[in-house]
Structure formats: structure tokens, C-alpha cells
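Since the structure comes first, as C-alpha cells, the remarks are kept for the end.
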Amino acid sequence: TSSQVGRRLALIGDDINMRY
Amino acid sequence: MESSEFRYVYYLVQDYLKYILQEPELGPAPSRVAHVLRNSASFLQKENEEILKPCLDTLDITSVDAARRIFIQVMDKEFDDGNTNWGRILTIFMFGGILSKRLQEHKVQLTGDNKEQISYFITEYIINTKAEWIDANGGWENGFLPMFEEK
């Protein structure tokens with residue numbers, strides 16, 4: 001669902017933010 | 001009449017979508033920010049498209065209007081914890097790219113008009129909800145660029 005995608009995107013964003 | 005900030009983000013979104021959709025007339029990126037955005041967001045997109053696929057398959061992305069609704073719902077969820085960072089900003093572009101590719105896969109003709117509409121609703125979201133954060137965090141030139149350039 002769109003909620004799942006939204007939560008995933010938040011995790012992906014936070015992860016890339018930590019990696020860079 | 002849109003602000004210069006709106007036009008700036010609009011051109012970044014447009015350039016990224018053209019890049020993702022591999023438009024034949026695409027030239028070099030029009031600026032350093034656009035260049036870095038092409039590379040970093042598309043890298044992220046390649047890395048995550050397959051992981052997101054099972055979730056995306058449940059969504060009915062078969063028209064530009066549907067894509068707009070889904071985009072807003074997904075963004076509202078992504079940012080409902082109140083946190084913003086450059087990584088999450090990058091995912092906005094990535095998700096715009098994913099939606100555009102999905103529309104193409106569903107045989108939705110991405111006419112110039114359709115692409116303008118998609119670029120417009122993505123830009124509108126960024127300007128309405130993230131412009132202040134972007135400005136307070138160095139903007140594209142001094143915040144985004146140093147973080148993602150040559151990495």
C-alpha cells in the first residue's frame with residue numbers, strides 16, 4: 001500500500017543520509 | 001506566476017525525469033546540481049526499485065491522476081514523523097522517477113503535457129512542504145551539492 005511505500009522511502013532516505 | 005525557487009526545482013525535476021526516461025534528445029546536465037542529482041537519485045533508484053516492487057505492485061499506477069494521488073499519499077506517510085534530511089529529499093526525486101517509469105510500463109503515453117503535469121506536482125510538493133527546510137539547510141548549492149558530489 002502507499003503507507004508501506006512511504007515508510008520504506010523514509011528508511012531509504014535515512015539510510016542514504018547516514019551513508020553520505 | 002511561479003517564484004524563481006519554484007522554477008529552479010521544476011527544472012531539476014524535469015531534468016531528472018528526462019534522464020530516467022532516457023529521452024533521446026537529452027544533453028549534458030544543465031548544472032552541477034542537476035548532474036549530481038541525476039547520478040545520486042538514479043543510483044538510489046536502481047538500488048531500490050526491486051526492493052520496492054512488491055509494494056508498488058499493489059498500487060494502481062495507470063494514469064497521471066492516479067500517480068499524483070499516490071505520490072501525495074506516499075509523501076505524506078514518508079514525512080509524517082516530522083523528519084526531513086537530504087537523503088529523504090533525494091527519495092522524492094527517486095519516487096518521481098519510479099512513478100514515471102511505472103506509467104510507461106503501463107503503456108500510459110508520456111506526452112510532453114503529461115510529463116509537465118508530473119514534474120509540476122512533484123515540484124509543488126517540494127516547494128509547499130520542503131522549501132523552508134532546504135533553505136535553512138544550505139539550499140541546493142551549499143547543502144545538497146557538498147553532501148552528494150563525487151561520492
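Order of the sequence lines fixes the chain letters, A, B, ..., with proteins taken first and strands second; residue numbering starts at 1 for each chain.
The shortest heavy-atom contact between A:Tyr20 and B:Met147 is CD2-O, 3.6 Å.
The interface of residues 127-138 of chain B with chain A, defined by heavy-atom distances below 4.5 Å, is empty.
Remark: the B:Tyr16 side chain and the B:Gln45 side chain contain an N/O donor-acceptor pair separated by less than 3.5 Å. For B:Ser31 and B:Tyr11, the side-chain atoms include at least one donor-acceptor pair closer than 3.5 Å.
Residue pairs meeting the ring pair (Phe, Tyr, Trp, His ring centres under 6.0 Å) criterion with at least one partner in residues 89-117 of chain B, sequence neighbours excluded, are B:Phe93-B:Trp140.
Across B:Gln73, B:Glu78, B:Met75, the residue that shares the most heavy-atom pairs under 4.5 angstrom with chain A is B:Glu78. Interface check for chain B: of the options A:Asn17, A:Ile12, A:Val5, the most heavy-atom pairs under 4.5 Å are formed by A:Asn17.
Using a 4.5 Å heavy-atom cutoff, the side chains of B:Val108 and B:Ser63 are not in contact.
Ring geometry, B:Phe144 versus B:Phe148: the interplanar angle falls from 30° to 60°, so the pair is classed tilted.
Rounded to the nearest 0.5 Å, atoms CD (B:Gln14) and OG1 (B:Thr123) are 8.0 Å apart.
Residue contact with chain A, scored on non-hydrogen atoms closer than 4.5 Å, involves the backbone and the side chain of B:Asn85 alike.
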